[in-house]
Amino acid sequence: MNGQIGDRLHVHGNVVGQPDRMGEIVEVRGRDGAPPYLVRFDDGHEALVYPGPDTVIEQKARVTR
């Protein structure tokens with residue numbers, strides 16, 4: 001799993017009734033886009049995240065020239 005600053009992290013709820021969580025990667029601390037990531041979640045709090053199998057990275061639209 002590789003992420004870049006600005007990508008969205010989507011953590012699916014892994015228990016019935018648990019909502020999904022969304023956040024933006026604000027810092028990549030691993031090598032070459034690898035975890036851990038500092039994520040600012042939509043509710044405003046920040047956390048250091050090592051994504052699990054219930055997590056998807058949604059890439060920010062990249063500008064190519």
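One-based numbering along the sequence shown.
The hydrophobic cluster around L38 extends to V26, counting ILVMFWY residues whose side-chain heavy atoms fall within less than 4.5 Å of a member.
Residues passing the salt bridge (charged side-chain N to carboxylate O under 4.0 Å, His left out) test with E46, sequence neighbours excluded: R40. Residues meeting the side chain to side chain contact (heavy atoms under 4.5 Å, CB included) test with N14, sequence neighbours left out: Q18, D54. Residues passing the salt bridge (charged side-chain N to carboxylate O under 4.0 Å, His left out) test with D42, sequence neighbours excluded: R8.
Applying the ring pair (Phe, Tyr, Trp, His ring centres under 6.0 Å) test to residues at least two apart or on different chains, the pairs with a partner in residues 24-44 are F41-H45. Under the ring pair (Phe, Tyr, Trp, His ring centres under 6.0 Å) criterion, the residue pairs touching residues 2-27 are H10-H12, with sequence neighbours excluded. Evaluation of the salt bridge (charged side-chain N to carboxylate O under 4.0 Å, His left out) test over residues 17-28, restricted to residues two or more places apart or in two chains, returns E27-R29.
Under the 4.5 Å side-chain heavy-atom criterion for grouping Ile, Leu, Val, Met, Phe, Trp and Tyr, Y50 is not connected to V28 through any hydrophobic cluster.
Under a 3.5 Å cut-off, the side chain of D7 and the backbone N or O of I57 do not form any donor-acceptor pair.
Here the CD1-CD distance, from I25 to Q59, works out to 9.5 Å after rounding to the nearest 0.5 Å.
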Item to complete: Evaluate the side-chain contact (heavy atoms from CB on, under 4.5 Å) criterion for residues V49 and L9: first the C-alpha distance (whole Å), next the side-chain angles of each, then the deciding distance (0.1 Å), finally the verdict.
Response: CA-CA 10 Å; V49 177; L9 199 71; 3.8 Å; yes
